[in-house]
Amino acid sequence: MHKLRGLLYLTFRELWAKKIIIGLFVVSTLTWVVLMLFMNVEEVEGGISALRLFGGEVATSQGGSATVPADATGAAPADTSVFADSTRAARDTATPDPEMSRRAEPNESDAQGGGFSSMTSFMQFTLVAQMVVSQAAYWIVILLGLFSAAPLFARLLEDGHIDLLLSKPMSRMRLFSGHVLGVLLMVTVLAAYLFGAVWLVLSIKIGVWNAKFLLSILILVGMFAILYGIIALVTVWTESTALALIVAYGAAIFVSPFLAARASIHRALSDTGDLAFDALYYLVPNFAEIGYVAGQLLHGSPVTRWEAVISTAVVGTLLYLEAGRRFVRRDF
Amino acid sequence: MPNDAPPADVPAVAASDLAKTYRNGVFKKRTVEALQGVSLEVAPGEIFGLLGPNGAGKTTLVKSLLGIVHPTAGEARLFGVPASEARARRPAGYLPENHRFPDFLSARRVLHTYGALSGVPPAERKERIPGLLEKVNMAEAADAKIKTFSKGMLQRTGLAQALLSRPRLLFLDEPTDGVDPVGRRQIRDILVELQREGTTVFLNSHLLSEVEQVCSRVAILNEGKFVREGTIEGLTQDEHVYDLRATPVPEETLGALSEGVLTAALEDAAGPSARTNGEAAPADTHRYRVTVDSRAHLNDVLDRLRAGGVELESITPKRQPLEDYFIDVVSRGQAAKEKEEEVRQ
């Protein structure tokens with residue numbers, strides 16, 4: 001346990017020494033601070049009447065449509081929708097806001113993910129704000145996080161550093177997995193801080209407790225882990241951080257958007273082309289498509305692209321297995 | 001100092017027919033035979049010196065013993081445990097050549113971090129680190145960042161790191177590289193103290209005078225093979241050549257001996273030498289070099305001298321400095337290689 005703790009500490013400190021991680025924490029702080037300071041709620045008779053962002057009105061109690069009877073405690077069907085938690089929370093806190101209590105239970109179409117237009121404008125605003133934060137963080141945190149963490153793996157393999165680590169009484173696999181775990185823990189802390197703080201600010205201010213927003217943490221960390229698998233494999237193979245970043249960014253930024261448009265591209269390809277494209281689809285982590293899945297989860301819509309999630313998870317596992325195998329067999 | 005005692009009959013380090021071939025190049029594979037069937041045993045409590053010119057395979061040997069490099073053939077064990085297993089490194093401390101600590105950490109933090117990686121509990125680290133920093137003369141710079149350290153300070157921090165887990169076996173690769181003479185002396189003293197406490201030290205150093213002073217046994221590695229191995233005394237002693245201090249040898253006694261058997265030592269050619277081993281030598285004695293074929297021959301020469309009225313003060317086997325011996329062995333190896341290549345051409 002001491003060894004793992006030592007390894008995690010070393011990885012955390014190395015990442016912290018990279019200023020980008022500090023920068024990401026600063027940006028995360030700014031995000032929730034801006035929301036907290038510049039998102040103002042107007043209350044009338046104890047209830048929310050309007051929501052202002054930077055002084056401009058973004059939602060009112062007249063906006064959107066509430067389709068459910070005011071009696072939120074009525075016999076509504078079991079709610080599995082995106083706003084189930086928010087309605088329960090609203091009910092639990094017995095908010096006097098008539099709008100808040102009226103919006104309560106989403107109808108069947110909401111449960112199927114098609115009820116955005118039927119939500120109150122407060123719900124819509126919350127969802128849009130969370131979607132913006134989630135998607136921006138998905139791209140920015142992952143890509144900058146990779147940029148910051150990639151040199152760490154090369155540093156792990158440096159002469160004079162790796163010798164010291166390998167001379168300690170721990171297996172190579174433990175050293176490898178401990179390092180990866182350290183990097184992923186740091187990203188988890190960052191994501192939990194950003195999403196947790198934004199979620200709390202939006203929920204406390206507006207009263208819409210959409211817990212599904214927190215699934216974004218899982219998606220972001222998972223996708224980061226898979227792309228870091230590329231970094232680990234390419235670096236342990238070639239010792240080149242630059243090449244590792246080119247491959248990881250190439251897959252995420254240049255290839256995955258094409259893979260996300262699989263259905264329309266299929267129509268334009270021959271049978272052989274289809275086969276080649278499918279091979280690429282299953283071999284390359286579907287970064288863009290999983291970003292879309294994150295949106296679906298957040299919105300409470302049914303996930304339509306499990307194939308991309310599963311193939312990306314399998315590719316990620318294979319990347320780590322091969323990187324670990326090479327790390328164990330290598331001479332340093 | 002060492003933790004749980006090792007079994008007395010198990011060598012601290014054992015290697016048999018250790019070989020390592022590196023293959024470089026993407027298209028045209030180039031092979032380098034860094035180790036070619038190296039076998040050795042280091043007994044517990046010994047200070048073993050590994051010598052060799054650059055590129056001889058010394059670092060590869062140390063890395064193979066620690067499982068950092070996978071041998072192509074052969075086997076290495078530390079206290080009887082195969083070097084490829086993580087538990088073999090439990091009793092070992094290591095100071096690599098050109099080690100790199102994270103430069104944003106302080107010396108104290110480095111010791112805590114690497115101590116944790118060695119499995120040293122926090123309470124023990126807290127207790128031992130100040131003493132270790134004091135021992136390597138780094139107490140004053142304990143909280144300074146590594147990036148501000150000189151080479152000598154880095155080496156001293158590295159040594160403290162290697163000692164933190166109370167190793168029974170210590171591998172040191174050029175420990176005094178970049179260290180000033182005072183620091184070198186301190187490191188030597190630490191090694192001697194460790195030996196007294198029963199720690200085995202495997203020392204890889206270019207500084208032959210240093211090796212000569214602390215090592216009980218050395219091995220010379222050249223082109224991946226051991227070319228000599230033994231105690232310093234055994235290796236550096238000139239076979240059948242002795243230094244003799246005695247009263248002047250009469251001409252007739254000298255004439256009775258075969259030519260070249262007894263010669264005046266160079267420093268005594270102009271007269272009696274003043275000192276032997278730092279002590280004043282009797283003014284009426286001279287130094288001679290005795291070169292014989294065998295022990296019997298030596299006794300015969302001494303009998304003749306005594307019969308000629310010569311009084312013997314002392315006789316000691318002649319030793320050459322380790323450095324001279326090393327250069328001799330390595331250049332002989334080089335000459336043999338060149339000759340071999342000539343024959344081949």
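Proteins get letters first, then strands, A, B, ... in listed order; numbering begins at 1 in each.
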Open item on the list: Is it the case that atom NZ in B/Lys151 sees more than 12 heavy atoms from other parts of the structure closer than 6.0 Å?
Closed with: yes

Open item on the list: Treating B/Arg87 as the side-chain partner and A/Pro169 as the backbone partner, does any N or O pair qualify as donor plus acceptor under 3.5 Å?
Closed with: no

- [ ] State whether the number of non-hydrogen atoms from other residues, nucleotides or ligands found under 6.0 Å of A/Phe25 atom CZ is greater than 12.
- [x] yes

Task: Side-chain donor/acceptor of A/His2 to backbone N/O of B/Gly115, under 3.5 Å - done: no

- [ ] Enter the distance from A/Lys168:NZ to B/Tyr94:OH here, rounded to the nearest 0.5 Å.
- [x] 11.0 Å

Task: Heavy-atom closest pair, residues B/Pro96 and A/Gly160 - done: CG-O, 4.4 Å

Task: Atom group of A/Phe332 that falls short of 4.5 Å from chain B, counting heavy atoms - done: both

Task: Under 4.5 Å from any heavy atom of chain A - which part of B/Phe171 - done: neither

Open item on the list: So if I apply the side chain to side chain donor-acceptor pair (under 3.5 Å) rule between A/Asp331 and each of B/Lys63, B/His70, B/Lys20, which one comes out positive?
Closed with: B/Lys20

TODO: Would you give the length of the straight line joining atom OG of A/Ser167 to atom NE2 of B/His99, rounded to the nearest 0.5 angstrom?
DONE: 11.5 Å

- [ ] Against chain A, work out which of B/Asp173, B/Leu117, B/Thr60 has the most heavy-atom pairs shorter than 4.5 Å and name it.
- [x] B/Leu117

Task: Best-contacting candidate, A/Arg5, A/Glu158, A/Arg174, against chain B by heavy atom pairs under 4.5 angstrom - done: A/Glu158

Open item on the list: Can you tell me if A/Phe258 has over 12 outside heavy atoms packed within less than 6.0 Å of its CZ?
Closed with: no

- [ ] Give a yes or no on this: more than 12 heavy atoms of other residues, nucleotides or ligands lie within 6.0 Å of atom CH2 of A/Trp139.
- [x] yes

Task: Among the listed options B/Ala116, B/Ala92, B/Pro122, the residue most often paired with chain A at heavy-atom distances under 4.5 Å - done: B/Ala116

TODO: Taking all non-hydrogen atoms of both residues into account, name the closest pair between A/Arg155 and B/Phe101 and its distance.
DONE: NH2-C, 3.5 Å

- [ ] Please determine, among B/Val120, B/Asn98, B/Leu95, B/Thr113, the option with the most heavy-atom pairs under 4.5 Å with chain A.
- [x] B/Thr113

Open item on the list: I'd like to know if the side chain of A/Arg172 reaches the main chain of B/Ile68, judged simply by a donor and an acceptor atom lying under 3.5 Å from each other, with no hydrogens or angles considered.
Closed with: yes

- [ ] Test side-chain contact (heavy atoms from CB on, under 4.5 Å) on B/Leu105 and A/Tyr9 and set out the steps.
- [x] CA-CA 11 Å; B/Leu105 294 180; A/Tyr9 174 80; 4.1 Å; yes

- [ ] Could you tell me whether the side chain of B/Arg100 and the main chain of A/Leu164 form a donor-acceptor pair under 3.5 Å?
- [x] no

